[in-house]
**Student:** 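Below is a structure I'd like to ask you about.
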Amino acid sequence: MAEEGVVRWGILGAGNIARRFASSLSNVEAAELVALSCRSADKAQDFAKEHGIAPSGALSDESLGRPGAAHEALLADPSVDAVYLSLPHALHHDWAIRALRAGKAVLCEKPACLGVEEAADVARVARECGSLFMEGMKARFTPCYRTVRELVDKGEIGDVVRVETILCNDMRELVRSGKTYHSNPVGGRGAPRLRHLLRELAR
């Protein structure tokens, strides 16, 4: 039985970003990580040991004998209040909808969906179910963002008529290595153009 006010989390997917999320979650007082689902039994057990999940919360398709069974079992678990969805991008839409329909709040890794139609679909289901769906855009919660928002709301910088932003990362070596999904991004109408751009940047 969870303490009152504590959100019990499950994670769909056990990749690097899921491990980063689990490590960060350990610093949140009103949160408890109770379950993890992935394909490999060994990976699920290792993840559970590393992040303090009980063995019963380490769910794998391998152990349950069917692709997708681990994620389904996690979503059916009444001890899970919210899920962090860290699956490959092309799976976000379907599993977000399944999680929402299972009554779970969903925090989805970026990008939330692969297109406008998928995003509208997820938003519609979230409203119908009365469940929270949120993309993991952490920049909205940084101190800098809050300060800028406060200045804008107070009118201290005048009327905002245009905003331009740039995010700069030197990812050439990582893209060249082929060890990241950035080397072969999946889905969306912009994917072929993005692949071309990334190849050009990696030269």
Side-chain angles (χ1 to χ4, degrees), residues 7 9-22 24-25 37-39 67-68 70-72 74-76 80-142 144-146 148-150 152-153 159-172 174-175 178-202:
V7 177
W9 287 86
I11 299 177
L12 274 68
N16 290 334
I17 196 75
R19 290 179 183 278
R20 285 175 55 190
F21 177 79
S24 296
L25 198 64
S37 59
C38 66
R39 290 175 293 181
H71 302 328
E72 290 171 3
L74 188 149
L75 296 183
V80 174
D81 303 311
V83 298
Y84 174 63
L85 205 166
S86 65
L87 299 172
H89 301 161
L91 301 177
H92 287 186
H93 170 264
D94 291 350
W95 284 104
I97 285 176
R98 291 172 112 171
L100 291 165
R101 288 189 171 142
K104 312 301 184 190
V106 178
L107 175 61
C108 185
E109 187 49 54
K110 306 174 293 295
C113 295
L114 297 181
V116 174
E117 296 84 4
E118 285 191 0
D121 200 25
V122 170
R124 176 184 54 77
V125 172
R127 282 192 291 270
E128 287 173 359
C129 296
S131 295
L132 174 70
F133 175 85
M134 182 175 178
E135 184 177 37
M137 279 292 181
K138 63 187 177 192
R140 286 185 61 193
F141 302 96
T142 63
C144 178
Y145 176 88
R146 289 195 295 267
V148 170
R149 182 82 226 189
E150 190 176 306
V152 170
D153 289 345
D159 294 332
V160 178
V161 295
R162 181 175 171 171
V163 176
E164 290 187 29
T165 62
I166 297 172
L167 175 63
C168 299
N169 286 314
D170 185 356
M171 296 179 61
R172 286 186 186 96
L174 184 59
V175 171
K179 296 178 181 176
T180 171
Y181 67 87
H182 296 97
S183 304
N184 186 22
V186 175
R189 291 188 187 97
R193 184 176 172 199
L194 181 58
R195 277 194 289 271
H196 171 73
L197 177 61
L198 288 169
R199 278 196 298 269
E200 291 298 311
L201 290 173

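These numbers come from a predicted model, not from an experiment.
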**Student:** As an exercise, state the distance from SG of C108 to CG of L12, rounded to the nearest 0.5 Å.
**Tutor:**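 Going from SG on C108 over to CG on L12, the span is 10.0 Å.
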
**Student:** Could you check whether any side-chain heavy atom of L100 comes within less than 4.5 Å of a side-chain heavy atom of F133, counting everything from C-beta outward?
**Tutor:**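 Sidechains of F133 and L100: in contact.
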
**Student:** Taking the basic N atoms (NZ, or NE/NH1/NH2) and the acidic carboxylate oxygens, is any pair closer than 4.0 Å for R146 and E150?
**Tutor:**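 E150 and R146: not salt-bridged.
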
**Student:** Which pair of heavy atoms, one from A102 and one from L75, lies closest together, and at what distance?
**Tutor:**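 Shortest heavy-atom separation between A102 and L75 comes out as CB-O, 3.6 Å.
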
**Student:** In the structure I gave you, are the side-chain heavy atoms of R101 and C129 within less than 4.5 Å of one another anywhere?
**Tutor:** yes

**Student:** Hey, does H93 have a side-chain heavy atom less than 4.5 Å from the side chain of L114?
**Tutor:** no

**Student:** Decide yes or no for I97 and D121: does some side-chain heavy atom of the first lie under 4.5 Å from some side-chain heavy atom of the second?
**Tutor:** yes

**Student:** Looking only at heavy atoms, what is the nearest atom pair of L74 and K104, with distance?
**Tutor:** O-CE, 4.3 Å

**Student:** Would you indicate whether the side-chain heavy atoms of S86 and I11 approach each other to under 4.5 Å?
**Tutor:**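 Yes, their side chains come closer than 4.5 Å.
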
**Student:** What closest approach, in Å, do G13 and A18 show between heavy atoms, and which atom pair accounts for it?
**Tutor:**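 Looking at all heavy atoms of both residues, the shortest contact is O-CB, 3.3 Å.
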
**Student:** Are the charged groups of R149 and D153 less than 4.0 angstrom apart, N to O?
**Tutor:**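 Counted as a salt bridge, because a side-chain N and a carboxylate O are separated by less than 4.0 Å.
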
**Student:** Are the side chains of Y145 and T142 in contact, using a 4.5 Å heavy-atom criterion?
**Tutor:**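 T142 reaches Y145 side chain to side chain.
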
**Student:** Do the rings of W95 and H71 sit parallel, tilted or perpendicular, given the 30° and 60° boundaries?
**Tutor:**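 Perpendicular.
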
**Student:** Where do H89 and K110 come nearest, in terms of heavy atoms and distance?
**Tutor:** NE2-O, 3.5 Å

**Student:** Could you measure the distance from the CE atom of M137 to the CG atom of L107? Nearest 0.5 Å is fine.
**Tutor:** 11.5 Å

**Student:** At their closest point, which heavy atom of V106 faces which heavy atom of A99, and how far apart are they?
**Tutor:** CG2-CB, 3.6 Å

**Student:** Is it true that a side-chain atom of H92 and a backbone atom of L87 form a donor plus acceptor pair closer than 3.5 Å?
**Tutor:** yes

**Student:** Quick one: CD on E135 to CG on L85, what's the gap to the nearest 0.5 Å?
**Tutor:**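 The CD atom of E135 sits 11.5 Å away from the CG atom of L85.
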
**Student:** Where is the tightest heavy-atom contact between C113 and V122, given as atom of each residue plus distance?
**Tutor:**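 For C113 and V122, the tightest heavy-atom pair comes out as SG-CG2, 3.8 Å.
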
**Student:** Within the supplied structure, the quantity of interest is the number of heavy atoms (other residues, nucleotides, ligands) at a distance under 6.0 Å from R140 CZ; does it exceed 12?
**Tutor:** no

**Student:** Above 12 or not: heavy atoms from other molecules or residues under 6.0 Å from CZ of R19?
**Tutor:**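 Yes, because the 6.0 Å sphere around CZ of R19 holds more than 12 heavy atoms from other groups.
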
**Student:** Hey, are the side chains of L25 and Y84 touching, using non-hydrogen atoms and a 4.5 Å cut-off?
**Tutor:**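 Sidechains of Y84 and L25: no contact.
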
